[in-house]
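Written out below as structure tokens is the structure these notes cover.
Being a predicted model, the structure only gives us computed values, none of them experimental. Numbers here simply count residues along the sequence, with the first being 1.
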Amino acid sequence: MSSRLVGVGVGPGDPELVTVKGVNALREADVVVVPVMDSGERGRAEATVLHYVPEDKVVRVVFALNERSDRGRREAAWDAAGERVAELLRRHASVAFATIGDPNVYSTFTYLAQTIAELVPGTVVETVPGITAMQDLAARSGAVLTEGTEPLTLVPVTAGAAVLKDALAGPGTVVAYKFGRQAHEVAEALRETGRLADAVWGSALGLPEESVRPAADLDEAPLPYLSTLIAPARREGGRGGKL
């Protein structure tokens with residue numbers, strides 16, 4: 001029988017935000033793979049998983065999670081990680097891969113699944129959706145993501161602050177991921193587009209060091225890499241004005 005590789009979204013950090021289906025998938029798998037950086041420090045996915053499965057069931061696999069400039073190093077890390085997971089799939093019927101947020105939204109799981117398709121043909125790949133950082137930040141800050149006919153645009157600021165500025169010039173809510181290293185540029189884009197007043201940002205959501213603050217507080221100090229920003233749509237006309 002074919003082995004199964006299941007990407008499980010475990011949310012942005014709060015263990016209570018893992019879905020029942022996600023917990024069941026983690027517990028039913030023979031092993032649970034968690035991505036770690038080459039520094040070896042425990043990441044959010046691993047910390048969350050350990051609330052639900054014993055440590056001896058968890059396999060830590062190094063990924064180049066923060067490598068953007070050296071493509072060769074990044075590709076080598078992906079290849080090595082893929083080989084490690086392929087080895088597990090050859091020995092086990094079911095392997096779960098835990099990823100923060102959702103496995104289909106800017107997730108390392110996407111690259112792993114592509115690698116496994118080549119290394120272990122016939123592997124059944126499935127995903128279990130997870131709560132995203134933008135949903136968690138909306139809940140913790142009271143920011144409404146969408147109303148009526150408003151569009152929602154999700155932008156990774158690793159693509160450049162100019163991409164974010166273009167999105168902010170549009171009519172809907174804009175969410176920015178991974179903007180911590182460009183916090184100053186993001187604040188400037190919000191000011192230039194008149195979107196600063198209602199915007200909020202958050203980091204380490206659900207963790208002891210959580211910070212949720214108005215975007216107007218942004219300054220030139222660097223923020224955590226995984227910071228999230230919500231710039232709500234401009235809303236006029238009262239209740240139901242966008243219907």
Any residue meeting side chain to side chain donor-acceptor pair (under 3.5 Å) with [X], in chain and number order, not counting sequence neighbours:
X	result
Asp79	none
Thr193	none
Ser94	Arg4
Thr132	Gln135

Q) Which residues, ordered by chain and number, are linked to Val23 in its hydrophobic cluster, where ILVMFWY side chains connect at heavy-atom gaps below 4.5 Å, directly or through other members? A) Val6, Val8, Val10, Val18, Leu26, Val32, Val34, Val49, Leu50, Tyr52, Val53, Val58, Val128
Counterpart residues, salt bridge (Lys or Arg N to Asp or Glu O under 4.0 Å), relative to [X] (two or more places apart):
X	value
Arg195	none
Glu192	Lys165
Glu87	Arg84, Arg91
Asp14	Arg140

Q. Is there a donor-acceptor contact under 3.5 Å from the side chain of Ser2 to the main chain of Val124?
A. no
Q. For Ala183 and Leu223, which heavy atoms make the closest approach, and how far apart are they?
A. CB-CD1, 3.8 Å
Q: Over all heavy atoms of both residues, which pair between Ser107 and Asp102 is shortest? Give the atoms and the distance, please.
A: CB-O, 3.6 Å
Q: Using the ring-ring contact (aromatic ring centres under 6.0 Å, His included) rule, collect all pairs that involve residues 127-178, keeping only residues at least two apart or in two chains.
A: none
Q. Should Glu55 and Arg42 be marked as a salt bridge (Lys or Arg N to Asp or Glu O under 4.0 Å) after you check the CA-CA gap, both sets of side-chain angles, and the distance that decides it?
A. CA-CA 12 Å; Glu55 190 167 3; Arg42 178 171 290 172; 3.7 Å; yes
Q.
Check this for me: Glu16, atom CD, are more than 12 non-hydrogen atoms of other residues, nucleotides or ligands nearer than 6.0 Å?
A. no
Q) Under 30°, 30 to 60°, or over 60°: which ring-plane class applies to Phe63 and Phe97, parallel, tilted or perpendicular? A) perpendicular
(Q) Test of understanding: with side-chain contact (heavy atoms from CB on, under 4.5 Å), list the residues that count as partners of Glu28, not counting sequence neighbours. (A) Asn24
Q) Taking only residues two or more places apart in sequence, or in another chain, which ones meet Phe179 in a ring pair (Phe, Tyr, Trp, His ring centres under 6.0 Å)? A) none
